[in-house]
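The structure appears right after this line, and notes come after that.
One-based numbering along the sequence shown. Just so you know, these numbers use all the heavy atoms, side chains as well, and skip hydrogens, waters and symmetry mates.
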Amino acid sequence: MATGQASSNPVPAMRTYPPVEHAVVVVGPQYLAQYPVELAVSTKLLTLGENDFKVADINGTVIFQVKSKLLSLHDRRFLKDATGNTLVNLRQKIMTMHRRWEAFRGESNEEKDLLFTAKKSKLFQFKTDLDVFLANNKGEVPDFKIKGGYAESSCSILLGNSNTMLAQMHRKHSLKSSILGTDNFGVTVYPNIDYAFIIALVVILDEINADRSEGRLNATFILLLLEKFSSLIKLVLLHCMSCCYFLMYKCMLCMK
């Protein structure tokens, strides 16, 4: 579980950005900074069952890490602080058309610990746009929006349906990263914005983009279908076997 204290404060960014009118706190106030924060996110490209992230400031000091568990009933990501305490766990809901993700405090999956949900704004998109709803928002207007760029190389995180910028992400492509199987991008978080919350959103966006660009099938979805329709599959197989035996019997009669 989270300790309630930020293990270290990130170094201020070189550039300045205007602060929002009201501070945005989702994970915790200890992840607010009065100055803009530049974070570097590095991750290994998807491997079977594991996909880890590291998040560092501009001096290379690790601020967060993300551990993943795939091939389970739910794809889950665990956002941890530098000392390994779980701050948020992200869980992909199965059987949803809009690729909905849920974020819970610590390692809980109880409704009372729900922080926010995120889903694709539209079912079919040329670029990935997400709507983000805080746990107490039961309406249809999102609290935050993620506007993806073309070629999945950048995105902006906005306050609701406004143009108020909260953070920006830019993917960094290089020959070295392609050879080593790594992925790197920079995240700029504006002042008075919960940067742990922003990293959680970036992880969700990256996972949805990976599914779309690589065309990978969700293994949990397949497992659930097999479990859900196992009885039906057995009946179909039994019917096919019965038909085969009947045809074999008819053939034997004809041979006589």
Hey, what do you get for NE2 (H22) to CG (N192), rounding to the nearest 0.5 Å?
11.5 Å
So how far is it from Q168 CD to Y190 OH, rounded to the nearest 0.5 Å?
4.0 Å
Is there a donor in the side chain of T83 and an acceptor in the side chain of N85, or the other way round, less than 3.5 Å apart?
yes
Heavy-atom donor-acceptor pair, N59 side chain to T61 backbone, under 3.5 Å:
no
Heavy-atom nearest pair, F133 first then G139, reads CE2-O, 3.8 Å
Taking all non-hydrogen atoms of both residues, which atom of V24 and which atom of L32 are closest, and how far apart?
O-CD2, 3.4 Å
Between D143 and L134 the two heavy atoms that sit nearest each other are OD2-N, 2.7 Å
List the steps, then state whether side chain to side chain contact (heavy atoms under 4.5 Å, CB included) holds for M165 with L158.
CA-CA 5 Å; M165 190 81 68; L158 307 173; 3.7 Å; yes
Thinking salt bridges, do D131 and K145 make one under a 4.0 Å N-O criterion?
yes
CA sep, side-chain torsions, deciding dist, call: E207, R77, side chain to side chain contact (heavy atoms under 4.5 Å, CB included)
CA-CA 10 Å; E207 293 297 334; R77 314 292 184 272; 2.8 Å; yes
Can you list the residues that meet the ring-ring contact (aromatic ring centres under 6.0 Å, His included) rule with F197, with sequence neighbours excluded?
F116, F144
Answer yes if the side chains of D129 and S121 hold a donor-acceptor pair under 3.5 Å, and no otherwise.
no
Determine the minimum heavy-atom distance between S68 and D52, stating which atoms define it.
N-OD1, 3.5 Å
Taking every non-hydrogen atom, the tightest pair across A33 and V37:
CB-CG2, 3.8 Å
Which distance, rounded to the nearest 0.5 Å, do you find between the CG of D57 and the CG of L39?
7.5 Å
I204 vs L130, side chain to side chain contact (heavy atoms under 4.5 Å, CB included): CA-CA, chis, key distance, verdict
CA-CA 9 Å; I204 292 174; L130 304 182; 4.2 Å; yes
Rounded to the nearest 0.5 Å, what's the gap from CD1 on I157 to CG on L201? Could you check?
5.0 Å
Is there a donor-acceptor pair under 3.5 Å between the side chain of S108 and the backbone N or O of R105?
no
Contacts of E102 meeting side-chain contact (heavy atoms from CB on, under 4.5 Å) (sequence neighbours excluded), chain-then-number -> R91, K93, F104, L114, T117
Any idea which heavy atoms bring A200 and L90 closest together, and the distance?
O-CD1, 3.8 Å
Indicate yes or no: at least one non-hydrogen side-chain atom of P142 is less than 4.5 angstrom from one of V132.
no
According to a 4.5 Å side-chain heavy-atom criterion applied to Ile, Leu, Val, Met, Phe, Trp and Tyr, with indirect links allowed, do L87 and F78 form part of one hydrophobic cluster?
no
Side chain to side chain donor-acceptor pair (under 3.5 Å) partners of N109, counting only residues at least two apart
none
Please report the interatomic distance CE(M169) to SG(C155), rounded to the nearest 0.5 Å.
4.0 Å
Distance in Å, I198 CD1 paired with I146 CD1, rounded so as to fall on 0.5 Å steps:
8.0 Å
Below 30° counts as parallel, above 60° as perpendicular, anything between as tilted: where do the rings of F64 and Y31 land?
tilted
Shared hydrophobic cluster, Y195 / V25 (ILVMFWY, side-chain heavy atoms < 4.5 Å)
no
Look at the rings of F185 and F53 and say which category their plane angle falls in: under 30° parallel, 30 to 60° tilted, over 60° perpendicular.
perpendicular
